[in-house]
There are 2 protein chains.
Amino acid sequence: MESHLTIDEVAKRTGLTAYTLRYYERIGLIAPISRAPGGQRRYAVSDMAWIEFLLRLRTTNMPIGKMQTFAKLRGAGDSTVPDRRQMLEEHLTEVLSEIEAMRRSADALQAKIEYYRSFEQSLASGSHSDEGHADEHRKPLRTRTGQTAGDRR
Amino acid sequence: MESHLTIDEVAKRTGLTAYTLRYYERIGLIAPISRAPGGQRRYAVSDMAWIEFLLRLRTTNMPIGKMQTFAKLRGAGDSTVPDRRQMLEEHLTEVLSEIEAMRRSADALQAKIEYYRSFEQSLASGSHSDEGHADEHRKPLRTRTGQTAGDRR
DNA sequence: GCTTGACTTAGAGCGCACTCTAACTTCTAG
DNA sequence: CTAGAAGTTAGAGTGCGCTCTAAGTCAAGC
């Protein structure tokens, strides 16, 4: 245990840059890392686990400000576990609805891709369907009421 | 049809601000909107559909630069449909893996919440399990090798 | 006509999350 | 011992996506 990783090794393992690791420490997301005699950082296994947890918060779009709050609670000891749990519960709720929103949008994108495919098909085969897709200004749509956008000021 | 909405009405309907709607038009995400005689914007139904599509791209984290590329292709007509389809396909692939990453992280957060719950339970019942959770520095962990971070320069 | 509020523009400013620079120290290989 | 790589700090700079300001015009009600 205590595998004393250098900052570059941690960067490689986590995908963060050394800059970012120092930045996170500076702003209190990561507690002060222990140092080698020369002053260089030596990351412990437990530091890695925490960083990986931070990455999960980041992946789920928690803003840094909230992560700081969470990190501070963690630093304050076991008595803050209920607060931490509540923070995570609230965050998780948001995350799940973000995922759902993305899923819905992804479905719409998929539908549009399929519309494009069928459009390419009809072009290739010479047929034409008149079938439009929401924001695609097919034939009759887009009457553009004159006005030619007289953008003079 | 042609329901000629004002910018504030569109803002209300889309959740964007009027600032953002003008900004999107300025940077070419939205084609020049037609104007009322006095120079004020009047949004058509077809504009709304396009804006809603843009919002789906935004929801799925497409950067504005790519949206601009897409908008430009769209403005260039039907011949760009294959390019647009390809853009969307590539984007969709990224989106699906982002969703998957979020889902995995959400699962880990859920597990942590449950760990916190059981921790609170054992505190309440006076028992204690010694069972740790990844980044939680339970009992023996965190030996913090002296050095007291001699941060002098 | 007058006021109030909604609209217009060009351009400046902001918050976030890094990312890098400069100047310096320390570690490692030869 | 020395060169070069890797580390250190404080603080400046960057890119993104808005967001707002200032100064002015236009629309609607009294």
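Below, chain A is the first sequence line, B the second, and so on; all start at residue 1.
Between B/M67 atom CE and D/dC16 atom C1' there is a gap of 11 Å when expressed in whole angstrom units. Between the CD1 atom of B/I30 and the P atom of D/dC18 there is a distance of 11 Å, given to the nearest Å.
Sequence order on DNA chain D of the closest nucleotides to A/I7 and B/P63 puts A/I7 first from the 5' end. Annotation: of the two residues near DNA chain C, A/L16 and A/Q40, the 5′-most nearest-nucleotide partner is A/L16.
Taking only side-chain nitrogens and oxygens, A/R58 comes nearer than 4.0 Å to OP1 or OP2 of C/dC18. Residue B/R41 places at least one side-chain N or O closer than 4.0 Å to OP1 or OP2 of C/dT9.
Between B/Y24 and B/Y19, the distance separating the two ring centers is not shorter than 6.0 angstrom.
Closest to the side chain of A/T17, from the set C/dT19, C/dC7, D/dC18, is C/dT19.
Taking a pair as Watson-Crick or G-U wobble with both distances under 3.5 Å, DNA chain C forms stems of 3 or more consecutive pairs at C:1-30 with D:1-30.
Note that the CE atom of A/M87 and the CG atom of B/L109 stand 11.0 Å from one another [nearest 0.5 Å].
Residues from residues 18-26 of chain B with heavy atoms under 4.0 angstrom of DNA chain D, sorted by number: B/Y19, B/T20, B/Y23, B/Y24, B/R26.
A salt bridge links B/R85 to B/E89: one of the charged nitrogens lies within less than 4.0 Å of a carboxylate oxygen.
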